[in-house]
Amino acid sequence: MIYHKDDLKKSNLKMTEDAAAVAQGQADGQCGVDRNSTDVKDAVAVMGKLNPDAVICNAAVKPLGEFVRQMRKAGATSQFLSVSFVGSPIVKELGSEASGLIMAASVPLPTKVRIPVVAEYQKALANVDSKAEYSFSGLEGFNHRESAGGRAQAHRQGF
């Protein structure tokens, strides 16, 4: 697993270790990366020696993109797993090299306008900025806000 060095509580590391323990597993190795840096040589060295089937990547776009590139350049066949907060930007960063990167997402594709919440998100975004790009993180934030607002409204109405 790779994670941000500046996460003083190591919350992503702990969350991942806890989830693995529930599944009776564990991470074989870990390495911190700097949040906005492309200096990932230590992480590549650690993970390269382990040659894992999969690497859980809790890292921002810059270090994640460079990590994937360098691991693949070194011949690694690992599967790279990330969370949706890197979403569309990591696909742009890696281009065709994004193929095979798995991202967990809690919302549908932000371009699937036939899904009501996506249509609402796109409409709201267009009302604010007609040139804004759709993204997973934008849709997640919109969905969270709408859900919280809906719950508050339902509570006020006695539901």
Side-chain angles (χ1 to χ4, degrees), residues 1-7 10-20 23 25-126 128-146:
M1 172 184 171
I2 63 170
Y3 61 92
H4 291 135
K5 288 179 183 177
D6 65 357
D7 179 3
K10 296 193 176 10
S11 56
N12 284 330
L13 175 61
K14 180 167 179 6
M15 172 188 63
T16 303
E17 289 174 336
D18 291 349
Q26 67 181 31
D28 291 335
Q30 58 189 298
C31 192
V33 296
D34 289 319
R35 186 176 301 268
N36 292 310
S37 174
T38 56
D39 180 6
V40 294
K41 64 181 175 295
D42 291 345
V44 171
V46 168
M47 293 301 141
K49 285 180 187 174
L50 293 171
N51 193 26
D53 292 329
V55 179
I56 297 170
C57 304
N58 285 315
V61 172
K62 283 184 182 181
L64 175 57
E66 190 62 21
F67 176 75
V68 169
R69 279 190 194 98
Q70 288 188 28
M71 287 289 287
R72 287 185 174 157
K73 185 177 179 182
T77 58
S78 305
Q79 185 72 60
F80 301 101
L81 314 164
S82 189
V83 292
S84 60
F85 75 82
V86 295
S88 305
I90 194 64
V91 174
K92 286 181 182 176
E93 172 76 18
L94 287 171
S96 64
E97 295 174 294
S99 179
L101 176 66
I102 296 174
M103 289 179 284
S106 60
V107 295
L109 287 170
T111 55
K112 296 286 186 180
V113 74
R114 72 180 189 280
I115 299 172
V117 70
V118 174
E120 293 169 24
Y121 161 69
Q122 288 186 8
K123 183 178 177 183
L125 192 58
V128 176
D129 182 356
S130 63
K131 295 181 182 179
E133 293 185 25
Y134 307 131
S135 68
F136 284 103
S137 57
L139 180 54
E140 286 175 352
F142 175 81
N143 192 43
H144 176 74
R145 190 193 81 204
E146 291 300 303

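Here the shortest heavy-atom pairing between Pro52 and Met47 reads CD-O, 3.2 Å. Minimum heavy-atom separation, Pro110 to Val118: O-CG1, 3.4 Å. Here the closest heavy-atom approach between residue Cys57 and residue Ile2 is recorded as CA-CG1, 3.7 Å. Nearest approach of Gly65 to Leu94, heavy atoms of both residues: O-CD2, 3.5 Å. In terms of heavy-atom proximity, Val33 sits nearest to Pro63 at CG2-CB, 3.9 Å. Considering all non-hydrogen atoms of both residues, Val117 and Leu139 come closest at O-CD1, 4.1 Å.
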Checklist entry - Do Leu64 and Ser82 pass the side-chain contact (heavy atoms from CB on, under 4.5 Å) test, and can you show the C-alpha distance, the side-chain angles, and the key distance before you say yes or no? => result CA-CA 9 Å; Leu64 175 57; Ser82 189; 3.7 Å; yes

Next on the checklist: Please evaluate residues Met103 and Val86 with respect to the criterion side-chain contact (heavy atoms from CB on, under 4.5 Å), reporting the C-alpha separation (whole Å), side-chain torsions for both, the decisive distance (0.1 Å), and the verdict.
Outcome noted: CA-CA 8 Å; Met103 289 179 284; Val86 295; 4.1 Å; yes

Item to check | Criterion side-chain contact (heavy atoms from CB on, under 4.5 Å) on Tyr3 and Met15, from CA distance to verdict | outcome: CA-CA 11 Å; Tyr3 61 92; Met15 172 188 63; over 6 Å; no

Checklist entry - Phe67 and Val55: side-chain contact (heavy atoms from CB on, under 4.5 Å), yes or no, with the steps? => result CA-CA 10 Å; Phe67 176 75; Val55 179; 3.9 Å; yes

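Residues Pro89 and Phe136 form no side-chain contact, since every pair of their non-hydrogen atoms from C-beta on lies 4.5 Å or further apart. In this structure, the side chains of Leu13 and Met1 come closer than 4.5 Å at one or more pairs of heavy atoms.
Taken to the nearest 0.5 Å, the OG atom of Ser99 stands 7.0 Å off from the CZ atom of Arg72. Rounded to the nearest 0.5 Å, atoms NZ (Lys123) and CZ (Phe142) are 10.0 Å apart. From Ser37, atom OG reaches atom NE2 of His4 across 10.5 Å, with rounding to the nearest 0.5 Å. Atom CD1 in Ile56 sits 11.0 Å away from atom CD in Gln30 (nearest 0.5 Å). Between the CD atom in Gln122 and the OG1 atom in Thr111 there is a gap of 7.5 Å [rounded to 0.5 Å].
In Gln79, the CD atom is crowded: over 12 heavy atoms of neighbouring residues, nucleotides or ligands sit closer than 6.0 Å.
Note on Arg69 versus Glu93: salt bridge recorded, some NZ/NE/NH1/NH2 to OD/OE distance being below 4.0 Å.
Scored by the side-chain hydrogen bond (donor to acceptor under 3.5 Å, both in side chains) test, Asp39 finds Lys41 as partners (sequence neighbours excluded). Take Asp129 and apply the salt bridge (Lys or Arg N to Asp or Glu O under 4.0 Å) test, not counting sequence neighbours, and it matches no residue.
Pairs of residues two or more places apart, or lying in two chains, that qualify as side chain to side chain donor-acceptor pair (under 3.5 Å) and include a residue from residues 44-64 are Thr16-Asn58.
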